[in-house]
2 protein chains.
Amino acid sequence: MAARQDLLKGNIDTLLLSLISQQPMYGYQIMRELDGRSQGYFKFKEGTLYPALHRLEKAGLLQGNWRTITSGRQRRYYAITEKGRRILVEQTERWQDFFAAMNLIFRPQKPETQVSK
Amino acid sequence: MAARQDLLKGNIDTLLLSLISQQPMYGYQIMRELDGRSQGYFKFKEGTLYPALHRLEKAGLLQGNWRTITSGRQRRYYAITEKGRRILVEQTERWQDFFAAMNLIFRPQKPETQVSK
DNA sequence: ATAAATACCTAGGATATCTAGGTATGCGTT
DNA sequence: AACGCATACCTAGATATCCTAGGTATTTAT
């Protein structure tokens with residue numbers, strides 16, 4: 001059977017766009033934010049996160065830039081682009097449609113059960 | 001970016017278990033039911049559906065059996081097993097948890113926005 | 001007779017995520 | 001000063017899921 005992580009498929013990009021749209025962030029921070037905000041549900045692996053960020057930057061949805069903090073430590077901050085915001089809106093609608101469709105199967109609304117009492 | 005179908009990953013099995021738990025069905029019927037009940041959202045491909053049914057039967061969550069109708073046409077009807085029902089309950093809870101976690105990222109509940117009016 | 005719908009099946013390709021490794025800096029403790 | 005841990009980034013290859021694109025065969029409508 002599918003594991004918990006499989007539900008992520010197709011949603012990681014949207015999750016990242018949504019989080020970063022609220023505030024620019026760097027990779028390590030994103031992992032902690034997703035963990036914290038989801039109350040421990042989302043535990044992103046580095047092998048999932050970093051390739052996803054690179055993919056989104058390459059697609060022009062995020063813009064990354066290096067910042068040096070303290071005396072040499074490097075961080076790559078990602079900010080959402082205009083294109084990214086447009087895609088985020090689309091993806092959010094797509095997610096809502098999908099959720100609605102899933103619920104139509106899980107909880108079928110049969111006409112005969114909606115007869116007025 | 002991820003396509004619509006990617007959202008299916010990890011959910012097809014749950015979708016099938018849920019549908020078949022309501023009534024035993026055969027493959028072709030399942031395709032039409034998913035399409036109809038979801039108002040055209042779910043258009044399962046045969047290359048998706050049949051391997052999934054075989055996977056679920058092999059895992060003991062569905063039980064299939066052949067029935068001959070009219071003069072030779074064969075249909076394979078699938079019914080959910082007891083094990084399948086247990087898994088369905090688990091997967092449904094898992095789906096709800098996932099939905100809740102997604103929404104915590106999409107619509108973060110900041111404490112300061114919940115101040116009493 | 002022919003086309004379309006019904007009804008099943010599978011091999012191989014594409015792609016996303018995870019596993020499991022790697023490098024390097026900063027900080028706290030002993 | 002040495003050590004471990006947290007921070008901070010990265011990638012190659014394995015795995016698994018779904019789709020593409022093909023196939024066979026029967027029934028029904030034109």
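As a basis for the values below, the full set of heavy atoms in this structure was taken, side chains included, without hydrogen atoms, waters or symmetry mates. Just so it is clear: chains get the letters A, B, ... in the order the sequence lines come, proteins before strands, and each one is counted from 1.
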Give a yes/no on whether any side-chain N or O of A/R55 is located under 4.0 angstrom from OP1 or OP2 of C/dT15. no
So does A/G64 get a backbone contact from the side chain of A/E57, meaning a donor-acceptor N/O pair under 3.5 Å? yes
Any side-chain to backbone donor/acceptor pair from B/Q91 onto B/L15? Under 3.5 Å, distance only. no
Separation of C/dT17 P from A/F42 CZ (nearest whole Å): 12 Å
Please report the distance, rounded to the nearest Å, between CG in A/D13 and C1' in C/dA16. 9 Å
Taken to the nearest whole Å, CG/A/N11 to P/D/dC18 is 13 Å
Please examine the side chains of B/W95 and B/T14, heavy atoms only from C-beta on, and report whether any two atoms are closer than 4.5 Å. no
So, the side chain of A/S38 versus the backbone of B/A101: is there a donor-acceptor pair under 3.5 Å, distance only? no
With A/Q29 via side-chain hydrogen bond (donor to acceptor under 3.5 Å, both in side chains) - residues at least two apart: none
Grab the CG-C1' distance between B/L49 and C/dT10 for me, whole Å please. 14 Å
Within-4.5 Å side-chain heavy-atom neighbours: A/Y78 and A/L56: no
Can you pull every protein N or O that's under 3.5 Å from an N or O on nucleotides 6-10 of chain D?
| from | atom 1 | to | atom 2 | distance (Å) |
| --- | --- | --- | --- | --- |
| D/dT7 | OP2 | A/Y28 | OH | 2.6 |
| D/dT7 | O5' | A/Y28 | OH | 3.3 |
| D/dT7 | O3' | A/R73 | NH1 | 3.1 |
| D/dT7 | O2 | A/R73 | NH1 | 3.4 |
| D/dA8 | OP1 | A/R75 | NE | 2.8 |
| D/dA8 | OP1 | A/R75 | NH2 | 2.5 |
| D/dA8 | OP2 | A/Y26 | OH | 2.8 |
| D/dC9 | OP1 | A/R76 | N | 2.9 |
| D/dC9 | OP2 | A/G27 | N | 3.2 |
| D/dC9 | OP2 | A/Y28 | N | 2.6 |
| D/dC9 | OP2 | A/Y50 | OH | 3.1 |
| D/dC9 | N4 | A/E46 | OE1 | 2.8 |
| D/dC9 | N4 | A/E46 | OE2 | 3.0 |
| D/dC10 | OP2 | A/H54 | NE2 | 3.1 |
| D/dC10 | N4 | A/E46 | OE1 | 2.7 |

Does B/K45 put a side-chain nitrogen or oxygen below 4.0 Å from OP1 or OP2 of D/dC18? no
